[in-house]
Protein chains: 2
Amino acid sequence: MSALEGLVVQRSTAAQQVAAGLASRIVAGAFAPGDRLRESAIATELGVARNTVREAVRILEQSGLVQYEVNRGAVVISPTPEKVDALYTARELLETAAVSRPVREPELAALKTAYDKLVEAAASHDVLRIVDLDLAFHSAIVATLRSSRLDEFYAELMVELRFYLTVLSLEDREFEHPDDVLAEHRAILEAIESGDTATAVEQVRSHIESNARRVIEILNGRD
Amino acid sequence: MSALEGLVVQRSTAAQQVAAGLASRIVAGAFAPGDRLRESAIATELGVARNTVREAVRILEQSGLVQYEVNRGAVVISPTPEKVDALYTARELLETAAVSRPVREPELAALKTAYDKLVEAAASHDVLRIVDLDLAFHSAIVATLRSSRLDEFYAELMVELRFYLTVLSLEDREFEHPDDVLAEHRAILEAIESGDTATAVEQVRSHIESNARRVIEILNGRD
DNA sequence: TACAGCGCAACTGTTCTACAGTTGCGCACA
DNA sequence: TGTGCGCAACTGTAGAACAGTTGCGCTGTA
């Protein structure tokens with residue numbers, strides 16, 4: 001085993017940095033759904049060539065936050081009931097499948113850690129942080145399936161969901177009662193720890209479905 | 001309901017066409033794992049600008065068939081035991097989850113159709129076509145979950161798997177005995193039709209796991 | 001023989017300029 | 001009211017140019 005075990009050089013090109021920057025702005029709500037990403041504006045503002053921005057936007061497209069339309073360029077995605085439904089269906093499938101089987105040790109420990117961090121965050125009343133750690137807890141659930149492919153897929157879902165929550169200003173409402181959130185997650189964790197898979201599945205299902213319902217209702221209630 | 005119901009204009013840019021072309025060449029085995037996609041060579045050969053090729057390759061990257069390495073450009077992915085394992089784990093999860101619940105009518109019909117086409121193909125002894133319809137049958141299984149998100153994800157997995165099968169020249173061996181393949185798929189279909197979810201899950205699991213084992217064994221047996 | 005150092009050719013990453021084609025919008029005109 | 005035209009803004013694409021990186025072979029040296 002090498003003395004350099006685990007050392008990897010992280011180089012990145014201008015295009016990758018622009019893509020990452022755009023992604024974080026979008027998730028933070030700096031762009032609204034349906035907004036176009038104008039290449040020349042971004043290019044001049046960031047001091048890079050339009051080509052580079054084009055490439056950045058193609059990279060960004062992989063995150064699912066923007067979609068290309070021919071002759072209109074990149075457009076920020078919009079939440080629709082269908083998309084949100086498909087997203088939550090996928091989410092529910094992965095998570096219920098994950099908790100329907102016994103969770104092994106390293107992943108169980110990771111789950112506990114994730115829950116503990118969520119508890120801390122809840123005390124801090126930093127809403128954005130709470131949401132992030134909430135999602136991180138659920139990522140830890142999916143990680144018990146031990147497939148990097150599934151982890152990556154789930155991460156994509158969460159990026160998109162994160163954006164929708166921002167757009168709908170849902171972070172606020174979701175944590176009117178951080179205690180409820182904690183209680184639900186604790187119930188899930190306890191069911192997993194005790195090996196009671198049937199209960200765990202039901203807890204996860206109802207947790208996700210109630211969230212999905214709320215998002216879709218708010219979506220339908222707009223305009 | 002409009003008289004133009006379902007009509008959508010399918011425009012595509014040069015970059016998209018180049019990306020699609022490259023993708024089909026790669027899957028067909030025209031590029032080997034680890035091969036670099038040289039921008040200028042492709043550009044001059046196709047009579048497009050290097051910029052356009054760069055964009056095409058970024059689009060191609062979304063299919064998962066190539067990966068970028070800084071200062072080396074796009075490199076065709078290589079099958080590794082870890083990647084193949086993660087892929088099959090994801091596949092097994094989706095498909096077993098799909099058949100563990102009752103399949104409703106439109107999807108059941110689609111499954112039967114997919115199976116019938118597979119039977120036809122098996123008679124034709126056109127190996128590539130058999131593989132495609134085999135994968136299509138499994139896509140139909142995932143489609144019963146009714147989430148476009150899952151469908152898209154599964155499609156990605158299948159593109160990658162398709163490439164690995166080509167690389168390992170597995171199409172040949174897999175269909176030494178098309179009858180066995182048909183039998184396995186028929187068993188799955190029958191279990192689904194009869195509503196015997198437990199059997200369906202077991203059929204699907206063993207089908208996928210035996211395939212996974214074979215691919216990984218061959219992978220380990222090389223060099 | 002092994003190997004460090006150098007140099008060169010081939011590429012990638014990036015910029016800049018240019019231009020045809022498309023879209024969106026407002027204005028004039030019917 | 002609505003149709004058509006024209007213009008401005010942008011996208012899609014091309015092409016040339018150049019710095020920085022990589023891979024590889026050659027050369028001289030231990």
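In what follows, chains are A, B, ... by sequence order, proteins preceding strands, each numbered from 1.
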Undergrad: Do you know which two heavy atoms are closest between Leu118(B) and Asp134(B), and how far apart they sit?
TA: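 Scanning both residues, the minimum pair turns out to be CD1-N, 3.7 Å.
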Undergrad: Any salt bridge linking Arg58(A) with Glu61(B)? Criterion: basic side-chain nitrogen under 4.0 Å from a carboxylate oxygen.
TA: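 Salt bridge flag = no for Glu61(B) with Arg58(A).
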Undergrad: Atom CZ of Arg58(A) and atom C1' of dT13(D): how far apart are they, to the nearest Å?
TA: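 Going from CZ in Arg58(A) over to C1' in dT13(D) covers 13 Å.
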Undergrad: Under a 3.5 Å cutoff, is there a donor and acceptor pairing between the side chains of Tyr164(A) and Glu160(A)?
TA: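 On atom types as modelled, these side chains qualify, holding a pair under 3.5 Å.
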Undergrad: Rounded to whole Å, how long is the line connecting atom CD1 of Ile59(B) with atom C1' of dT13(D)?
TA: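 Atom-to-atom, Ile59(B) to dT13(D), this comes out as 13 Å.
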Undergrad: Does the distance from a Lys or Arg side-chain N to an Asp or Glu carboxylate O, for Glu69(B) and Arg36(B), drop under 4.0 Å?
TA: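 So Glu69(B) does not pair with Arg36(B) through a salt bridge.
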Undergrad: Taking NZ, NE, NH1 and NH2 as the nitrogens, is one of them in Glu95(A) or Arg91(A) under 4.0 Å from a carboxylate oxygen of the other?
TA: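 Yes.
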Undergrad: Toward the 5' end of DNA chain C, which comes first, Ser12(A) or Arg38(B), by nearest nucleotide?
TA: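 Whichever sits nearer the 5' end wins; that is Arg38(B).
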Undergrad: Output the residues of residues 69-76 of chain B in contact with DNA chain C, where contact means a heavy atom of the residue under 4.0 Å from an atom of the strand; sort by number or write none.
TA: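 Those residues whose heavy atoms fall under 4.0 Å from DNA chain C, taken from residues 69-76 of chain B in numerical order, are Glu69(B), Val70(B), Asn71(B), Arg72(B), Gly73(B).
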Undergrad: Check Asp35(A), Ile77(A), Leu60(A), Val75(A) against Val66(A) for a side chain to side chain contact (heavy atoms under 4.5 Å, CB included) and give me the one that passes.
TA: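 Checked Asp35(A), Ile77(A), Leu60(A), Val75(A) against Val66(A); only one passes side chain to side chain contact (heavy atoms under 4.5 Å, CB included): Leu60(A).
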Undergrad: Check each residue of residues 49-57 of chain B for a non-hydrogen atom within less than 4.0 Å of any atom in DNA chain C, then write out the ones that pass by number, or none.
TA: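 Output list: Arg50(B), Arg54(B).
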Undergrad: Taking the nucleotide of DNA chain C with the closest heavy atom to each, which residue, Ala14(A) or Arg36(A), is nearer the 5' end?
TA: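 Between the two, 5'-proximity favours Ala14(A).
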Undergrad: Which listed nucleotide (dT11(D), dT12(C), dT23(C)) is nearest to the side chain of Glu39(B)?
TA: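 Nearest listed nucleotide: dT12(C).
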Undergrad: Please report, rounded to the nearest Å, how far the P atom of dG12(D) is from the OH atom of Tyr68(A).
TA: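 Distance, rounded to whole Å: 6 Å.
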Undergrad: List the atom of Arg11(A), the atom of Val70(B), and the distance in Å for their closest heavy-atom pair.
TA: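 Nearest pair, atom of Arg11(A) first, then Val70(B): O-CG2, 3.9 Å.
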Undergrad: In terms of the angle between their ring planes, are His185(B) and Phe137(B) parallel, tilted or perpendicular, with boundaries placed at 30° and 60°?
TA: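 Ring orientation of His185(B) relative to Phe137(B): perpendicular.
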Undergrad: Quick one: is Thr13(A) getting a side-chain N or O under 4.0 Å of the dT14(C) phosphate, OP1 or OP2?
TA: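 Yes, Thr13(A) has a side-chain N/O under 4.0 Å of OP1/OP2 on dT14(C).
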Undergrad: Using the side-chain heavy atoms of Ala15(A), tell me which of these nucleotides is nearest: dT14(C), dT22(C), dC11(C).
TA: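 From the listed options, dT14(C) comes nearest.
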Undergrad: Between Ile42(B) (CD1) and dA10(C) (P), how many Å, whole number?
TA: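 Nearest whole value for this atom pair: 18 Å.
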Undergrad: I'd like to know if the side chain of Thr166(B) and the backbone of Ala28(B) have a donor-acceptor N/O pair within less than 3.5 Å.
TA: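 Here the side-chain-to-backbone pair does not exist.
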Undergrad: OP1 or OP2 of dA10(C) sitting under 4.0 Å from any side-chain N/O of Ser40(B)?
TA: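 It does not, given that no N or O in the side chain of Ser40(B) lies less than 4.0 Å from OP1 or OP2 of dA10(C).
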